[in-house]
Peer 1: 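Here you go, one structure.
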Amino acid sequence: MQKTTNSYGRIYDVVKHIPEGKVMTYGQVARIANVATPRVVGFALHVNPDEQHIPCHRVVFADGSLTQGYAFGGEGVQKERLLKEGVVFTQKGKVDLENSLCRTLSNS
DNA sequence: CTCTTGACCATGT
DNA sequence: AACATGGCCAAGA
């Protein structure tokens, strides 16, 4: 596993491994995927070659806010999707990182 | 090879 | 608290 495909392959693998009801920040994914900067993560998800198998909606900002600028299928759909998965949101419209942030994958 | 842009993050004002 | 700037790395033209 974790074959050294490209940095992208690692990103997709990590994102696909995000458990339901949990979310990860771009920086977190970048760190676990051994990617240089979170920008590459965002870029990788942007190309999104397997959107049906890559839950990019489970990837959020470090603040817990959702993707600004572009949605994978509509505006606000991401939030609806996360809510349906069991992710908790705050009154501020952000993800409750205290409860939904996946840190179990933190690879030392 | 060089320049620009990009689904970010942290800091400063 | 909100807005603006800098820095990081990679891919496209």
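Naming: A, B, ... by sequence-line order, numbering from 1 per chain. As the structure is a prediction and not an experimental result, all values here were calculated from the model.
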Peer 1: If only atom types and distance count, is the side chain of A:D50 paired as donor or acceptor with the main-chain N or O of A:Q52 below 3.5 Å?
Peer 2: no

Peer 1: Do you reckon A:Y12 sits in the same ILVMFWY cluster as A:Y26, going by side-chain contacts under 4.5 Å, direct or chained?
Peer 2: yes

Peer 1: Under 3.5 Å, which donor-acceptor pairs do the side chains of residues 36-47 of chain A form with other protein atoms, sequence neighbours left out?
Peer 2:
none

Peer 1: Sugar-phosphate means primed atoms, P, OP1 and OP2; the rest is base. With that split, encode nucleotides 7-13 of chain C 5' to 3' as B, S or - using protein heavy atoms under 4.0 Å.
Peer 2: BBSSS--

Peer 1: For the pair made of NZ in A:K92 and P in C:dA1, what is the distance, rounded to whole Å?
Peer 2: 7 Å

Peer 1: When rounded to the nearest 0.5 angstrom, what distance separates SG in A:C102 from CE in A:M24?
Peer 2: 4.5 Å

Peer 1: Is there a side-chain contact (heavy atoms from CB on, under 4.5 Å) between A:V35 and A:V29? Walk through the geometry before answering.
Peer 2: CA-CA 8 Å; A:V35 180; A:V29 172; over 6 Å; no

Peer 1: Using whole Å, what does the distance between atom P of nucleotide B:dG6 and atom CD1 of A:I11 come to?
Peer 2: 18 Å

Peer 1: Rounded to the nearest Å, what distance is computed from the NZ atom of residue A:K94 to the P atom of nucleotide B:dC8?
Peer 2: 14 Å

Peer 1: Using residues 80-90 of chain A as the side-chain source, report each donor-acceptor pair under 3.5 Å to any protein atom, sequence neighbours left out, with the distance given to one decimal.
Peer 2:
unit_1, atom_1, unit_2, atom_2, d
A:E85, OE1, A:R58, NH2, 2.7
A:T90, OG1, A:K92, N, 3.3
A:T90, OG1, A:K94, N, 3.3
A:T90, OG1, A:K94, O, 3.2

Peer 1: Let me know the distance between OH of A:Y26 and C1' of B:dG6, rounded to the nearest Å.
Peer 2: 12 Å

Peer 1: How would you label the contact of A:D63 with the nucleic acid (heavy atoms, under 4.0 Å): base, sugar-phosphate, or nothing?
Peer 2: nothing

Peer 1: Given atom CG of A:L101 and atom C1' of B:dC9, what is their separation to the nearest angstrom?
Peer 2: 15 Å

Peer 1: Between P on C:dC3 and CD on A:Q68, what's the gap in Å once rounded to a whole number?
Peer 2: 10 Å

